[in-house]
Chemist: 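I have a structure I would like to understand better, so I am pasting it below and will then ask my questions one at a time.
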Amino acid sequence: MTAGSGQVYVVTGGCGFLGSHLVRMLLEHEKNISEIRVFDLHLDESLRSLSNNRVRVRLISGDISHLDDVREALHGSHLVIHTASLVDVWGRVPASKINEVNVTGTENVLQACKEEGVQYLVYTSSMEVVGPNIHGDHFYRGNEETEYRIYHKEPYPLSKAKAEKLVLEANGTKMKGGKMLYTCSLRPTGIYGEGHELMKKFHRQGLRTGRCMFRAIPPAIEHGRVYVGNVAWMHLLAARQLQIHPSTLGGQVYFCYDSSPYKSYEDFNMEFLSACGFKMIGSRPLVPYFLLYLLALLNTLLQWVLHRFFIYAPILNPYTLAVASTTFTVQTDKAEKHFGYRPLYAWEEAKKRTITWIKSLEVREKDLKDVGAKGNYCCN
Ligand SMILES: NC(=O)c1ccc[n+]([C@@H]2O[C@H](COP(=O)([O-])OP(=O)(O)OC[C@H]3O[C@@H](n4cnc5c(N)ncnc54)[C@H](O)[C@@H]3O)[C@@H](O)[C@H]2O)c1
Ligand SMILES: CC(C)[C@@H](O)CC[C@@H](C)[C@H]1CC[C@H]2[C@@H]3[C@H](O)C=C4C[C@@H](O)CC[C@]4(C)[C@H]3CC[C@]12C
């Protein structure tokens with residue numbers, strides 16, 4: 001296939017953790033495309049060099065909350081994978097901003113699809129549109145049909161739930177020229193893998209405490225995790241099959257899953273960190289839950305007191321503690337049944353890739369330290 005004869009895909013948020021893996025996945029495994037438009041507020045120029053003689057990677061700087069930017073990016077495209085989102089459960093950005101990006105941004109993508117005649121939209125939703133709720137109701141190896149007391153108060157899960165509802169309601173919308181808009185929504189659980197910002201934070205924290213991690217959550221609390229490469233693979237397959245079987249996938253939601261083991265959030269992270277010399281202190285939480293909750297409340301108070309001077313957004317707050325302390329795991333094969341999804345990466349491969357990446361962080365940290373030390377020496 002010569003460049004230019006294939007389809008044009010748009011990946012919103014394509015420079016992000018998931019988005020950048022998705023761009024690479026499309027380049028490697030999707031033969032029907034000639035251009036990938038990477039639409040993002042913060043461009044990663046390194047993606048531009050991924051272009052090859054078959055597929056052009058075109059970086060487009062824009063704000064998803066500005067309809068004109070989105071309309072321009074979608075003009076002439078065939079399909080959109082919409083991953084752009086403000087992922088914040090730490091109070092880094094105001095609720096209004098989260099809503100503007102995650103909900104209004106999604107409205108803009110839908111509006112631009114209808115105006116530009118883009119027929120296919122795959123939305124990156126989240127497990128959080130379901131839960132866990134802050135009442136501590138466990139979701140134990142549930143699936144897309146499992147009944148659950150959904151209760152959202154926090155801006156992020158609220159925004160993802162609203163956006164997903166808009167996407168699903170838009171499925172079947174008639175467009176100009178008699179074309180129809182087809183949409184589906186993918187719900188990853190906690191994504192891990194190369195480039196995961198939160199893992200970087202845990203790693204840095206652990207380095208500061210002599211590679212010791214201190215258990216805060218009971219090991220019996222399972223938290224669903226899925227490898228970023230498999231999430232990207234599922235998006236690619238959903239995009240491909242939505243075009244072939246729109247009546248099957250249109251208007252459907254799919255949890256993203258693979259063979260990653262069911263473990264507590266902390267023990268799962270230790271699958272990688274222990275290979276880098278880290279150890280978990282405590283076979284059960286080192287402090288009682290009420291003390292953790294008081295600490296979380298203190299963090300919220302400090303965030304409020306300091307917000308005029310700088311953004312204080314520690315990992316632990318009442319919401320993240322509630323989420324971490326509530327089992328949320330999925331067990332489903334809906335994506336396999338509907339569009340033949342099977343994980344591209346087995347657990348051992350996903351684990352190996354993630355460990356290799358974390359070890360590369362250590363090399364980088366050491367190099368930075370060495371440069372710092374030399375720098376200090378030169379300045380003396
Ligand atoms: N990370 C997870 O564990 C996880 C789990 C479930 C679902 N998700 C979903 O996956 C998607 C990607 O998440 P991620 O972890 O890669 O986050 P990320 O922050 O790494 O990527 C999000 C991207 O969106 C871009 N973006 C933000 N605001 C924008 C705006 N106004 N206009 C254009 N682009 C904008 C960012 O620059 C970034 O590149 C999100 O929709 C998120 O809700 C993530
Ligand atoms: C400090 C300890 C209590 C530590 O164990 C806290 C972990 C906590 C920060 C994470 C536990 C579960 C995570 C969330 C989950 O993986 C799913 C998510 C959905 C996704 O769309 C966005 C990220 C997140 C909300 C994720 C955030 C970190 C946790 C709350």
Side-chain angles (χ1 to χ4, degrees), residues 13-29 42 44-47 49-50 83 87 90 188-217 219 222-234 256-283 286 314-316 320 324 343-377:
C15 295
F17 165 46
L18 171 60
S20 53
H21 280 268
L22 179 53
V23 170
R24 290 181 171 84
M25 184 64 71
L26 289 168
L27 278 164
E28 188 175 346
H29 294 279
H42 307 295
D44 172 359
E45 287 297 331
S46 69
L47 292 177
S49 62
L50 297 177
T83 83
V87 183
W90 293 280
T189 51
I191 307 175
Y192 70 93
E194 305 93 307
H196 187 207
E197 285 302 325
L198 193 53
M199 176 55 82
K200 285 184 189 173
K201 284 190 172 62
F202 284 119
H203 178 256
R204 264 199 305 272
Q205 262 180 8
L207 288 180
R208 285 200 291 266
T209 53
R211 293 181 189 263
C212 291
M213 307 301 281
F214 302 98
R215 186 180 297 280
I217 303 296
E222 289 184 353
H223 240 271
R225 305 295 288 274
V226 60
Y227 177 59
V228 63
N230 288 323
V231 178
W233 177 237
M234 189 183 277
C256 298
Y257 63 91
D258 58 19
S259 54
S260 300
Y262 295 114
K263 282 178 176 279
S264 76
Y265 197 84
E266 294 170 329
D267 286 323
F268 192 90
N269 289 347
M270 286 309 293
E271 286 286 330
F272 317 116
L273 295 173
S274 54
C276 304
F278 288 67
K279 54 181 180 302
M280 174 67 81
I281 307 297
S283 55
L286 297 175
I315 287 179
L316 179 70
T320 59
L344 189 63
Y345 300 93
W347 158 240
E348 286 310 322
E349 176 63 18
K351 179 177 174 181
K352 195 175 96 199
R353 286 168 176 251
T354 306
I355 290 171
T356 303
W357 168 67
I358 293 174
K359 287 184 173 173
S360 74
L361 293 179
E362 308 224 337
V363 172
R364 221 169 299 152
E365 299 258 336
K366 187 180 173 307
D367 290 349
L368 286 173
K369 272 210 185 87
D370 293 351
V371 166
K374 285 197 184 72
N376 292 337
Y377 178 77

Chemist: Do the side chains of His21 and Val231 get nearer than 4.5 Å, heavy atoms only?
Modeler: no

Chemist: So, taking the atom named CG in Leu18 and the one named SG in Cys15, what distance separates them when rounded to the nearest 0.5 Å?
Modeler: 12.5 Å

Chemist: Using the rule given for side-chain contact (heavy atoms from CB on, under 4.5 Å), can you reason through Asp258 versus Arg225, listing the C-alpha separation, both sets of side-chain angles and the distance that settles it, and then say yes or no?
Modeler: CA-CA 8 Å; Asp258 58 19; Arg225 305 295 288 274; over 6 Å; no

Chemist: So which atom in Gly19 and which in Thr83 form the shortest heavy-atom distance, rounded to 0.1 Å?
Modeler: CA-OG1, 4.3 Å

Chemist: With heavy-atom distances below 4.5 Å as the criterion, would you say the side chains of Glu271 and Ile355 are in contact?
Modeler: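 Not touching, per the 4.5 Å side-chain cut-off.
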
Chemist: How are the rings of His203 and Phe278 set to each other: parallel, tilted or perpendicular (split at 30° and 60°)?
Modeler: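 Geometry flag for Phe278 against His203: tilted rings.
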
Chemist: Do you know the tightest heavy-atom contact between Ser20 and Leu47?
Modeler: CB-CD2, 4.3 Å

Chemist: If you measure from CG on Leu344 to CE on Met25, what distance do you get to the nearest 0.5 Å?
Modeler: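 Going from CG on Leu344 over to CE on Met25, the span is 5.0 Å.
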
Chemist: Between Arg211 (side chain only) and Leu273 (backbone N and O only), is there a donor and an acceptor less than 3.5 Å apart?
Modeler: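 Side chain of Arg211 to backbone of Leu273: no pair is present.
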
Chemist: Any idea which heavy atoms bring Tyr227 and Ile191 closest together, and the distance?
Modeler: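 In this case the closest contact between Tyr227 and Ile191 is C-CG2, 4.4 Å.
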
Chemist: Carefully, step by step, assess Glu266 and Met270 under the rule side-chain contact (heavy atoms from CB on, under 4.5 Å).
Modeler: CA-CA 6 Å; Glu266 294 170 329; Met270 286 309 293; 5.7 Å; no

Chemist: So, taking the atom named CD1 in Ile358 and the one named CZ in Arg353, what distance separates them when rounded to the nearest 0.5 Å?
Modeler: 14.5 Å

Chemist: Please tell me if the side chains of Leu198 and Ile315 come closer than 4.5 Å, counting only heavy atoms from C-beta onward.
Modeler: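 Yes, their side chains come closer than 4.5 Å.
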
Chemist: Below 4.5 Å, heavy atoms only, C-beta onward: do Met213 and Asn269 meet side chain to side chain?
Modeler: no

Chemist: Evaluate side-chain contact (heavy atoms from CB on, under 4.5 Å) for Cys212 paired with Lys279, printing each intermediate quantity in order.
Modeler: CA-CA 5 Å; Cys212 291; Lys279 54 181 180 302; 3.8 Å; yes

Chemist: Let's go through Glu362 and Lys359 carefully: what are the C-alpha distance in whole Å and the side-chain angles of both, what is the deciding distance for salt bridge (Lys or Arg N to Asp or Glu O under 4.0 Å) to 0.1 Å, and is it a yes or a no?
Modeler: CA-CA 5 Å; Glu362 308 224 337; Lys359 287 184 173 173; over 6 Å; no

Chemist: May I ask you to decide if Trp347's main-chain N or O and Ser259's side chain share a donor-acceptor pair within less than 3.5 Å?
Modeler: yes

Chemist: What is the distance from atom CZ of Phe17 to atom CE of Met199, rounded to the nearest 0.5 Å?
Modeler: 9.0 Å

Chemist: Under the criterion side-chain contact (heavy atoms from CB on, under 4.5 Å), I'd like the reasoning laid out for Phe268 against His223: C-alpha separation, chi angles, the key distance, then a yes or no.
Modeler: CA-CA 8 Å; Phe268 192 90; His223 240 271; over 6 Å; no

Chemist: Find out whether Pro343 and Trp233 are in side-chain contact, i.e. whether some heavy atom of one side chain is under 4.5 Å from a heavy atom of the other.
Modeler: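 Sidechains of Trp233 and Pro343: no contact.
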
Chemist: Could you tell me if the side chain of Ile217 sits less than 4.5 Å from the side chain of Tyr265, heavy atoms only?
Modeler: no

Chemist: Atom CZ in Arg215, atom OG in Ser264: separation rounded to 0.5 Å?
Modeler: 5.5 Å

Chemist: Can you tell me how far the CZ atom of Arg24 sits from the CG atom of Leu50, to the nearest 0.5 Å?
Modeler: 5.0 Å

Chemist: Checking ring pair (Phe, Tyr, Trp, His ring centres under 6.0 Å) for the pair Trp357/His196: CA distance, chi angles, key distance, verdict?
Modeler: CA-CA 10 Å; Trp357 168 67; His196 187 207; 7.7 Å; no

Chemist: Is a donor on one side and an acceptor on the other found under 3.5 Å between the side chain of Asn230 and the backbone of Tyr345?
Modeler: yes

Chemist: Are the side chains of Lys352 and Glu348 in contact, using a 4.5 Å heavy-atom criterion?
Modeler: no

Chemist: Looking at every heavy atom in both Gly14 and Val23, which two are closest together, and how far apart are they?
Modeler: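 Of all heavy-atom pairs spanning Gly14 and Val23, the closest is O-CG2, 3.8 Å.
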
Chemist: Would you say Met234 and Tyr257 make side-chain contact, with heavy atoms under 4.5 Å?
Modeler: yes

